[in-house]
Amino acid sequence: MADLSVSIHKLQLKNPVTTASGTYGYGEEFVEFMDVNRLAAIFVKGITLEHREGNPYPRMAETASGMLNSVGLQNRGVDYFIQHIYPRVRNFDTHIIPNVNGSTIEDYVTVTRKLNEVKGIEAIELNISCPNVKAGGMAFGINRKSAMEATRAVRDVYDKTLIVKLSPNVTDIADMARAVVDAGADAISLVNTFLGMAINAETRRPILGTITGGLSGPAIKPIALRMVWDVFKAVKVPVIGMGGIMNAADAIEFILAGSTAIQVGTANFIDPAASVKILQGVKEYMARQGVSSVKELIGGMIVK
Amino acid sequence: MADLSVSIHKLQLKNPVTTASGTYGYGEEFVEFMDVNRLAAIFVKGITLEHREGNPYPRMAETASGMLNSVGLQNRGVDYFIQHIYPRVRNFDTHIIPNVNGSTIEDYVTVTRKLNEVKGIEAIELNISCPNVKAGGMAFGINRKSAMEATRAVRDVYDKTLIVKLSPNVTDIADMARAVVDAGADAISLVNTFLGMAINAETRRPILGTITGGLSGPAIKPIALRMVWDVFKAVKVPVIGMGGIMNAADAIEFILAGSTAIQVGTANFIDPAASVKILQGVKEYMARQGVSSVKELIGGMIVK
Amino acid sequence: MKKVEDFRVLGHKWLNYSSYIIELEAPEPLSPVQPGNFAEIEISNSPHVFLRRPFSIFDANPLTNTLSFYVKVIGEGTRVLGKARKGDKVNIIYPLGNAFSIPEKKNILVVAGGSGIAPFILYGKAMQKQGKQVTFLLGARKAEDIVLTEMFRPYGEVLITTEDGLLGEKGMVTQHSIFIGKDSPFEHIVTCGPEPMMKAVAGIARKKKVSCEVSLENTMACGFGACLCCIVETVDGNKCVCTEGPVFNINQLTWQT
Amino acid sequence: MKKVEDFRVLGHKWLNYSSYIIELEAPEPLSPVQPGNFAEIEISNSPHVFLRRPFSIFDANPLTNTLSFYVKVIGEGTRVLGKARKGDKVNIIYPLGNAFSIPEKKNILVVAGGSGIAPFILYGKAMQKQGKQVTFLLGARKAEDIVLTEMFRPYGEVLITTEDGLLGEKGMVTQHSIFIGKDSPFEHIVTCGPEPMMKAVAGIARKKKVSCEVSLENTMACGFGACLCCIVETVDGNKCVCTEGPVFNINQLTWQT
Ligand SMILES: Cc1cc2nc3c(=O)[nH]c(=O)nc-3n(C[C@H](O)[C@H](O)[C@H](O)COP(=O)(O)OP(=O)(O)OC[C@H]3O[C@@H](n4cnc5c(N)ncnc54)[C@H](O)[C@@H]3O)c2cc1C
Ligand SMILES: Cc1cc2nc3c(=O)[nH]c(=O)nc-3n(C[C@H](O)[C@H](O)[C@H](O)COP(=O)(O)OP(=O)(O)OC[C@H]3O[C@@H](n4cnc5c(N)ncnc54)[C@H](O)[C@@H]3O)c2cc1C
Ligand SMILES: Cc1cc2nc3c(=O)[nH]c(=O)nc-3n(C[C@H](O)[C@H](O)[C@H](O)COP(=O)(O)O)c2cc1C
Ligand SMILES: Cc1cc2nc3c(=O)[nH]c(=O)nc-3n(C[C@H](O)[C@H](O)[C@H](O)COP(=O)(O)O)c2cc1C
Ligand code: FES
Ligand code: FES
């Protein structure tokens, strides 16, 4: 049997397949469709300090091979998560990794402090890249200095594995990666969504309630893949890649470009069992290609 | 009859539909498929000072609703263009707009000087955004200072309409637009391609000879549209929008987001008559919606 | 039990220039379906459709293991689904969403506009079983858009309004003569259709002080609660139309009358 | 005259597990087609195909206004085209590219590997008309991949190599016994197939000092000279395979022998 396990700093994953924040609920929505326990980890939906109602309707626009969303971090706040949601999902045989958000650095720190106390949660994903909130979010992730500040502040209060999720809406993703690693990130995940827009020509109105939103899905895959490769070359910490992964070949490509693990996002909406099918396909690929450990594939793209 | 004419600074266009540089050859390739004279302008393929062989094969990878190219400005140089190509196409009843490239500012300036002398050429498009060349190209377009330098240097030697084509591979497209306008641009065109990558999972090799290439097609449309809107709000000069325009509805959306004219790119490969069909569709839209001048639609997106 | 399954197309029945019923056969015994439930249908043969498309379950037959959908062609997905051929595989997630309640009172009015008729065959059947008395009020802009009246008749009286006046009463559903007068012969109203129509119906229900349920539409990426794209504002905050709806009691909504 | 037209699918003939001939009817009189020309076919019913797909014109019948293509299934586009149904519209740009030359000499050897057989029915017909004598050497890995030998026979002798040895001589085309000995009975070679095979054939041609033309493949975005994606290095710089090829004389190429 091939060895599928990988490690993200101190976090041990039984395989490289996880699901992306905001696209997989808390896992509960998927139990009727697949065996959630086969996943290495679930990145659960974005958590903020306080309850947030998110953005006005409409929040979704379909685009060519992709979609725009403007959910805007609707969630019930970190305390509710810890008291009511986590106890429901902690018994899944998979890592539950909260996605931490804030409008201010203090928010990030407070949320992190609370999560640091939760037994069983071994990593957080610091989201400095949400394009759908007015304050904070992507504003932190597109500026070198504030990205470092947020990372450093959270690092100071967090003992376990700190994954920082980068925004692709930047000129130099490698530089951003280096910055947050310098500031204490144990791993990098990317990409979050690209800032985009859709208009209804007939009504002449924007389709999203917030005018702009975040683009995800296969449309962004070539850019995401390039960014993973850029970041892989730039930093020594593990990279968790995502952006339009729909099938096992996509997952393998992200691994070859330098991902230690991958996140399945938008694909979950179209096929709720996409993630386990991808896992199965990765196993088949390894068998076919005679790869005994998935680690051999990480960054294994052959360049001449 | 509805009024389709628009102006880009001193350049008068009979309608808002033009074709994008590098996707329409010199127009000659399309004469068997459509009436080239119906176009307002042809942005011809990238021109450099010297003859360039471009990048090694393979130069193309299909992606979800898009494609990557790494052509790398293959062309026979500005002198050849002026002496041999322009005389062949100057009699088309449409504007021929050269797309000016360089590895150094001197190159840009020399090419521009030569084009400035050519009777009949009333505008150039300064390409500071080609992702497929090692020196110059996008390197100018992703840095505020060098974008301004290149624009200013070219402005100094060019008397007619100067359109600067921006790279979308930046954090703040509005800021780049303001910068080049400050440096003398008469109009902005955007977007050029997004830097992306494709890997063949089975061979574990990059598909493109240059590893990375430029992403175009409907996949990028939502991001391009958002950038056009950002730029439209930021500058007073006309914007020429493009990025994944496949049909008339797409064209209308770019106009509503702030484009005075649009460029049809990748669509030309799939349907060589796409541009005239789009023009026809724009006319039908205007008739249906009772719009008497296309100018009413520019930036006309209704935001509450 | 929610399922994701490859159904087999049995055929279409075109109702007019732009709407059809498509019937599909499940590969195994149907999951139980409630009136109001919907399904997410994958459109796998168009370059222009990325996400699944939600449709109310029009009819379900546990004996033949078939589902049918009433579809109005409004874009690429509905167009392409109308061209599926007998034997084609179509992947469907079902049953999704909540269901209409069984009202305590007896006299029920169904108000359906356009493709809003879709959930009400199942509803009519269920209410008949419950011994309720249902009246269907169907409205459309043009007479040719009024379809399927014969299918509703076994489950109750069918009233019609058309804006062109060529069928039934002239005007919009909310202008129908049954609403004239202060009292209502109906004790419960359910409605589905364009949002302005549903809001108007909800207004009438409030005025006449009868209970009212609406089946909402929304832009959905998943259909099963994972994306939070499909929210509607309620008195208890935002709710997901796909899991906490599509059926809502108007008292839950923040609609102004 | 290059045209963009909606053809109508007349049908497929499946040749083995992975290849078929698809025949299509033009809406109006065919443009004249030369051996070596190709077409760009639009695949409009898959979410996974964006660009057109290039295929050599396998056969053209000006009397019935039909084109046919020999297609090997290697991915989504070729798979989906194999599922088109009779009557479906398929948009085609044709004829594209240059053609094989008419050699001065009489004895011609055609070497085709895998789907490289596609251009040679038209070629065989044309050469027969010119009074040339053609020998077809077809090679494949497995015997089951050798198809259409009966279609070639009217235009010349058919020789076969398979790597599994189950049909014809065992080995690769370049190992066929006709190549043994210093002299060549053939005065001109044309070849199409996998690049390593074509390079080996070009090597033999050089060694035997006979003229040789190859039909190249490439990744194409347009097929008619607009994108410059499909270049091959030649002694005169990069050339477009789609307009200046796909047929090249090996003397033009920078291939090392
Ligand atoms: C719970 C639910 C149940 C539904 N039941 C039915 C049903 O039984 N029968 C039926 O015919 N339709 C039903 N619909 C609507 C149906 O889902 C849409 O008509 C369909 O998704 C359109 O797909 P398309 O690809 O043809 O159109 P598209 O090409 O996606 O859209 C065409 C145009 O319609 C607009 N549009 C698309 N979807 C919606 C929407 N949901 N709300 C408002 N505008 C929209 C688009 O913005 C665009 O302008 C239901 C929707 C929901 C949410
Ligand atoms: C001028 C020309 C003439 C051709 N004539 C024929 C013909 O007559 N019959 C025939 O069966 N095929 C022919 N081909 C090849 C045919 O175009 C491809 O097989 C087809 O485009 C594959 O499409 P797909 O969607 O099935 O595969 P895809 O899903 O696009 O690709 C599947 C796999 O094959 C690889 N691939 C795809 N296209 C090519 C290519 N051109 N070169 C190398 N690798 C590739 C991809 O990288 C991928 O790994 C011709 C190609 C050219 C350029
Ligand atoms: C509906 C939706 C909600 C999302 N919410 C979050 C979120 O709360 N936090 C976050 O970091 N990313 C969020 N994302 C981004 C995804 O986690 C992922 O980065 C992105 O979708 C790209 O991956 P994909 O193309 O596979 O979907 C969301 C994406 C979608 C589509
Ligand atoms: C094959 C190809 C070649 C291109 N060459 C050039 C070029 O020489 N100069 C330039 O400014 N843009 C070039 N572009 C970019 C296009 O002009 C356009 O900006 C981009 O493709 C986005 O538009 P689209 O999505 O409609 O294709 C090229 C694009 C393609 C696909
Ligand atoms: S559509 Fe995804 S949560 Fe309702
Ligand atoms: S494929 Fe576009 S130039 Fe040859």
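Source: prediction; values computed, not measured. Just so it is clear: chains get the letters A, B, ... in the order the sequence lines come, proteins before strands, and each one is counted from 1.
By the neighbour-count criterion of 12 heavy atoms within 6.0 Å, atom NZ of C:K89 is sparsely surrounded, having that number or fewer from other residues, nucleotides or ligands. Within a 6.0 Å radius of CD in C:E233, no more than 12 heavy atoms belonging to other residues, nucleotides or ligands are found. More than 12 non-hydrogen atoms from other residues, nucleotides or ligands lie less than 6.0 angstrom from CD of D:E163. Atom CZ of C:R153 is surrounded by more than 12 heavy atoms from other residues, nucleotides or ligands within 6.0 Å.
With sequence neighbours excluded, the residues satisfying side chain to side chain contact (heavy atoms under 4.5 Å, CB included) with C:A200 are C:T174.
The interface of residues 30-48 of chain C with chain D, defined by heavy-atom distances below 4.5 Å, comprises C:S44, C:N45, C:S46, C:P47.
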